[in-house]
Every structure is written in structure tokens, then in C-alpha cells.
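Keep in mind the model is a prediction, meaning the values are calculated, not measured. Residues take their numbers from the sequence shown, with the count starting at 1. Side chains included, hydrogens not; waters and symmetry mates left out as well; all remaining heavy atoms used.
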Amino acid sequence: MRPVWPTGSRDSGNGFGISSIPFMAFPNAQYTSSSPPSTPTTPTTPTTHIIPASHGLAFEVKAGTRFRVVDLYGSQVVDFAAWVQNTDLREYLSMAYTRYHLSGATPTVGEELWTNNDEPILRIVEDTVKVHDMTFMSCFPKMYEKAGVKGHRSCAGNIAEVMKPYGMKSVLDVTDPFNIFQNTPNYTLKPLAPSKPGDYIEFEALKDIVCAASCCPYDLNGFNGGRVTDVAVVIGVPAGSSSTGVSIGS
């Protein structure tokens, strides 16, 4: 597992990106430092990465490994993408293929997400929200510029930034994301961003993959609860664990 941090990420000195959250998580859990390992490793105990608000993270996961995306404060959407390793980013998590296999419905526990090579790449094994989006693109720089907001961070920019070491050249290379905790186009009567503090979705990797997660920076019109907040990624979750993997903020 090799995390890639974006330029300008907040770091308190403890490597967690913020200083206000105590970490008690799993027994003997490992947490990332500000200097990530130079070679990929498979964690024997859960490893937690904090993604600072409005930033992104790239990380590698081996087939059979479980990992979680955790909303620490509530109402925070996370744009998620994944690519099969050693394919030069050509085989990737595809929302179109996943919609085809699931007849357009949002995926539920036990169902799989698919690649553009028509092969399963991820399986959902736990989900406390059960509402996610597969239709909208990532927010992108021109979206904010056209709204009169210059220099605003974006999910497309975050993903391109953290995937640069893997060969991604620009926001034009960003694939359509799996928008975690996003209730569009209003699959249920829940709010637009219905997650609560401590809510999470847990995946099992079905291939060796590299993932990118963006803590969505979109803060216009009350989206993300009107306040963009940090999220966590916990890698190496033991099967059947009931812990979220991190202590929850308020």
C-alpha cells in the first residue's frame, strides 16, 4: 500500500492531517506518517489515512483486502475511483458497466462494481448509508470558474493530482466516479448528503488496484452540509469488524 498525498495537504506533525481527532480505532492499528513507505506493503493491521477537507488520496490495495471510507463529521460526499494495477490506467472502475450489471440501481451489500473490461473489481461488504451516486461526474475546475469562483479545489483536480505518480496527466483523464454518500438523483427521501458521523462503506478488492478518493470540495448551495470536512480511509479491515476504524468527530 503506497499512499500519495496532495501538495498542500494539512498535517499536524503527527501525519494524520489534522490534530483535533483522537485515534483509538482497532487494537494495534497502524497510522500513516507524513513520509509514506517507498514500497508497497500489505498491512497486517488496519492502517488509517485521514483525507483533509477538499483534498484527495491515492492508495494501493491487494486483491482480498477490505477497506472502508468513513465520514468523520457527517454530510460529506467522497468521489471514488479505482484502476487495475499494471494496466497503465486503461482498466478502471466504470460506472456505465456497473449500471448495466445492476440495471441502473445503486449497489447494495453483496453486489459488485465492474470495470470497463467487464470484470468485477470491488464488492460492497458493509454499508451504513446505502445511498450513493453513479450518474454525476466529479466537480471540476471549469465548474467553479463558470460560477465566478476562481482557484477553487475540485474532485477532478484532486484525483488528477494524487494520480500523477501513476501516469495521470490532467483532469481530462479522470474517470466518472462512484460518489459515496451522495443521494442523487434522489434515490430515497434522505437528504442530498445523508451520511452521519461515523457512517462508512466497506469494500473488498477483487483485483490488485490503485484507488483515488477525493473529499469533495463543493461547498456551494448547501452541498456537503455547507461545510467540507475530513474523511478517513481504513485499509486492512478484519472481516466482521464492528469498529469504524477511527474515533468520530463532532
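Among all heavy-atom pairs drawn from His132 and Ile180, the shortest one is ND1-CA, 3.6 Å. Shown here for Pro141 and Ser154, the closest heavy-atom pair between the two residues is CD-OG, 3.4 Å. Nearest heavy-atom pair, Pro46 versus Val234, reported as atom, atom and distance to 0.1 Å: CB-CG1, 4.0 Å. Between Ala205 and Ile209, the closest heavy-atom pair is CB-CD1, 4.0 Å. For the pair Pro177 and Phe136, the tightest heavy-atom approach, listed with the atom from each and the gap, is CD-O, 3.5 Å. Summarising the geometry of His49 relative to Thr47, their closest heavy-atom pair is NE2-CG2, 3.9 Å, with the distance given to 0.1 Å.
In this structure, OG in Ser54 is found 7.5 Å from CG in Asn158, a value given to the nearest 0.5 Å. Atom OG1 in Thr65 sits 11.0 Å away from atom CG in Leu206 (nearest 0.5 Å). Atoms CE and CD, from Met168 and Glu161 in turn, are 12.0 Å apart once rounded to the nearest 0.5 Å. Here Leu113 contributes atom CG and Met134 contributes atom CE; the two are 7.0 Å apart, rounded to the nearest 0.5 Å. Asp219 contributes atom CG, which lies 9.5 Å from atom SG of Cys139 (distance to the nearest 0.5 angstrom). Here the CG-CG distance, from Leu72 to Asp230, works out to 6.5 Å after rounding to the nearest 0.5 Å.
Looking at residues two or more places apart in sequence or on another chain, you find a side chain to side chain contact (heavy atoms under 4.5 Å, CB included) between Ala212 and Trp83, Ile159, Val162, Met163. Every residue two or more places apart in sequence or in another chain that forms a ring-ring contact (aromatic ring centres under 6.0 Å, His included) with Phe203 is listed here: Phe67, Phe80.
In terms of hydrophobic clustering, with Ile, Leu, Val, Met, Phe, Trp and Tyr side chains grouped at heavy-atom distances under 4.5 Å, Phe181 and Val109 are assigned to a common cluster. Residues Val129 and Met95 share a hydrophobic cluster, clusters being chains of Ile/Leu/Val/Met/Phe/Trp/Tyr side chains in contact below 4.5 Å. Tyr97 and Tyr92 sit in two unconnected hydrophobic clusters of ILVMFWY residues. Membership requires side-chain heavy atoms under 4.5 Å apart, directly or through other members. Both Ile124 and Leu93 are members of a single hydrophobic cluster when ILVMFWY side chains are connected at heavy-atom separations under 4.5 Å.
Identified under the salt bridge (charged side-chain N to carboxylate O under 4.0 Å, His left out) test for residues 73-88, with sequence neighbours left out: none. Contacts classified as side-chain hydrogen bond (donor to acceptor under 3.5 Å, both in side chains) and involving residues 168-178 (residues at least two apart or in different chains) are not found. Among residues at least two apart or in separate chains, side-chain hydrogen bond (donor to acceptor under 3.5 Å, both in side chains) pairs with a member in residues 108-121 are Glu91-Thr115, His101-Asp118, Thr108-Glu111, Glu112-Arg123, Glu119-Lys207.
Side chain of His152 to backbone of Lys150: no donor-acceptor contact under 3.5 angstrom is found. Of the possible donor and acceptor atoms, one in the side chain of Gln76 sits under 3.5 Å from a partner among the backbone N and O of Cys216.
Taking Ile, Leu, Val, Met, Phe, Trp and Tyr as members and joining any whose side-chain heavy atoms lie under 4.5 Å apart, directly or through other members, Val125 forms no hydrophobic cluster with any other residue.
Two residues are said to be in side-chain contact when any heavy atoms from C-beta on lie closer than 4.5 Å; Lys196 and Asp71 fail this criterion.
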